[in-house]
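All heavy atoms count here, side chains included; hydrogens, waters and symmetry mates do not. Read the numbers this way: they start at 1 and go in the same order the structure lists the ligands and their atoms.
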Amino acid sequence: MKYALTVLLIALVVLAACGPGAAPTPTPVPPTPTPEQASQATQAPGEEEVQLAPELNVFNWTDYIDESLLEQYEKTYGVKINYDTYASNEELLAKLQAGATGYDVIFPSDYMVAQMIELGLLAELNLDHIPNFQYVMEDFKDPPFDPGNKHSVPYQWGTTGLAYHVPTFGDEVPDSWAYLFEPDHLKKYADKGVNVLDDPRELIGAALKYLGYSVNDTNKDHLFQARDLILKAKPYWKTFNSSDYDDTLLIPGEVVLSHAWSGDAFVAVWETYDEDKDEAIWWYAIPKEGGVKWVDTMAIPASSKRKRTAEHFINFLLDPKSQAAITNYTYYASPSEAAKQYIDEEILNEPAIYPPKEVMDKLEWLEPVGDAATLYDQIWTEIKSQ
Ligand code: N2P
């Protein structure tokens, strides 16, 4: 252990200086080790020596990593990863606000990063400890929700749209939010199942966008119109699910239409692809009215006691090869320029995963809504309880 070696060296120097008959010099008292110092430093060859904690508590969205990376990190660095998942930013925030102090690495989205910074929930990062940040595309650096990347670095990004069962819709492409909100549309396929994301900002945002407003609108009348639209459509929806809807609803055919995040939709696209006919059973459309584009980040809760190890793990996940492994597994897009060389061609060239500029320009980032957050909460409670 590096620390023990230093103490030993100091003791030897002190002893040599004392000489026979000299007055004994007090031996330095070592400070109490932090969890990080308590562990053996282990690093891959050629890496700077870092004192790593024996364990790290990681809290991520469901189905959002290639889990072999966790094993790889544990084996290479001797740090045990305790991995737990959540289904929405609001769930993550509620856990942190309820005083959950064990988490070391979390993955809040853009608007939630801003909200958490304001609430003092995030630690400041030392970007010198995250050298793989250099590979992040300029577009994803210094974002408005966290100027200077003081508290977060990007993890993966994507869009929100509609996943649909191709045999049900035939030649028709559900390319409008009307397919999710208008009873006239819903009547035609609702008996076969429709799912919406169990996510207040996403669902209310989609309704606002369909009505011609911004996904970040804070006007009370507009928000009530969005609520009414949702309440009229709700009887036609089978489920509110944003955690495992790809595996439990889309792939087994429990629904034929779902409000969906791009990567989750593509899990269903690839899992159900008809190789013989070379035809997709599921596909994904971004509504013509526009919608949400988002970037999820990696951050460290202010309460973490293992900040240096958390930064080390974040750096590992930002390594171009790790980034590519995540994208190749989750079908979300990577913010790492250098990862591109390792990402599967068909993912990189898929416009529904990496949309062209004209589509991206129609989409909006979610932003904090300030005092209107209370109104969003009220509306959400109303929607879920009726
Ligand atoms: C992955 C969830 C992606 C997070 N299942 C959307 N922000």
Ligand-protein N/O pairs under 3.5 Å (ligand 1):
from	atom 1	to	atom 2	distance (Å)
ligand 1	5 (N)	Thr62	O	2.7
ligand 1	5 (N)	Asp264	OD1	3.1
ligand 1	5 (N)	Asp264	OD2	3.3
ligand 1	7 (N)	Asp296	OD1	3.3
ligand 1	7 (N)	Asp296	OD2	2.9

field: Residues in ring pair (Phe, Tyr, Trp, His ring centres under 6.0 Å) contact with His185, at least two apart in sequence or another chain
entry: Tyr179
message: Check whether Tyr86 forms a cation-pi arrangement with Lys95 (NZ or CZ under 6.0 Å from the six-membered ring centre, at most 45° off the ring normal).
response: no
message: According to side chain to side chain donor-acceptor pair (under 3.5 Å), who are the partners of Glu254, at least two apart in sequence or on a separate chain?
response: Lys238
task: Go through the structure and list residues passing ring pair (Phe, Tyr, Trp, His ring centres under 6.0 Å) with Phe145, not counting sequence neighbours.
output: none
message: Between the side chains of Glu74 and Lys80, is the shortest nitrogen-to-carboxylate-oxygen separation below 4.0 Å, so that they form an ion pair?
response: no
query: Looking at Asp104 and Lys307, does any basic side-chain N land under 4.0 Å from a carboxylate oxygen?
result: no
